Amino acid sequence: MPTAVDLAAEPYEFTLAPNNCALLIIDMQRDFLEPGGFGEMLGNDVSQLRGAIEPNRKLLAAWRAAGLSVLHTREGHRPDLADLPPAKKVRGRSAASIGDAGPMGRILVRGEAGHDIIPELYPAPGEPVIDKPGKGAFHATDLHAILQHRDVKQLVVTGVTTEVCVNTTVREANDRGYDCLVLEDCCGSYDPEFHAMGLRMIKAQGGIFGWVSSSESVIEALAAWRSAR
Ligand code: TIU
């Protein structure tokens, strides 16, 4: 029974070891992706992110069918805002900021409708949801402990936005010893140039932070791995 399968990636092939790998879906939250949410309220073009929904949906279905680990993250804060850095609260000089009333409840506050994950990618029972106060998914969360308890050594990383929460998380993961495979079509940025550059930064210098591939390559690799078992 093969424990690993190679798949096409940049800067070179990635050896996927499904039993030691988790899918980490970053911040596919209503406030970032849905028309009328906080992201759009700030003047961002949410259609740039919505292209990632369908590839993530297909990948998630294949990943779940293979019985592998999935974790989801959400960026947000306690209702009392005790974990909200004052610097983050005032950054941007926006009229409405984190904790204020927004189009889908209080902006980026846990328990509010806009803070939750979009229905298309909603976590299944048993899939851990990591509530994170920062851009990186390791800062001030139990993600590293959960991954260690599951013997996870590799992460397939998807979600939004490529250059902010995805990049920060991949950098944090890299310093903690994980191999990260980032899927181009399953990530998105409000700015397509930042998306492209965010991916380039990961795979530059021989894969300084990890590898970049596509959902199609991972789905094919999973099928090959399953049929060889
Ligand atoms: N999840 C995430 O990337 N949060 C952000 O604030 N992203 C922006 O691009 N602003």
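All ligand and atom numbering here is 1-based and tracks the order in the structure. Computed over heavy atoms, backbone and side chain alike; hydrogens, waters and symmetry mates excluded. These figures come from a predicted structure and were not determined experimentally.
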Looking only at protein heavy atoms, which one is nearest to [atom], and how far off is it?
atom	value
atom 4 (N) of ligand 1	Glu75 OE1, 2.9 Å
atom 7 (N) of ligand 1	Thr161 OG1, 3.5 Å
atom 6 (O) of ligand 1	Lys135 NZ, 3.0 Å
atom 2 (C) of ligand 1	Cys165 SG, 2.6 Å

Just distances here: any N/O of [X] and N/O of ligand 1 closer than 3.5 Å?
X	answer
Tyr190	no
Val164	no
Lys132	no
Val160	yes

Between Arg106 and Pro79 (side chain of the first, backbone of the second, donor and acceptor by atom type, cut-off under 3.5 Å), is there such a pair?
yes

Reference residue Trp63; test side-chain contact (heavy atoms from CB on, under 4.5 Å); the match among Val70, Asn56, Ile25:
Val70

Give the atoms of ligand 1, by number and element, whose distance to some non-hydrogen atom of Asp27 is under 4.0 Å.
1 (N), 2 (C)

Ignoring hydrogens and angles, state whether a donor on the side chain of His139 or Glu172 is under 3.5 Å from an acceptor on the partner side chain.
no

Would you say the side chains of Ser217 and Ser214 form a donor-acceptor pair under 3.5 Å?
yes

Who pairs with Lys58 by salt bridge (charged side-chain N to carboxylate O under 4.0 Å, His left out), at least two apart in sequence or on another chain?
none

Phe38 and His115: aromatic ring centres closer than 6.0 Å?
no

List in chain and number order the residues that pass side-chain hydrogen bond (donor to acceptor under 3.5 Å, both in side chains) with Glu40, two or more places apart in sequence or in another chain; answer none if no residue qualifies.
none

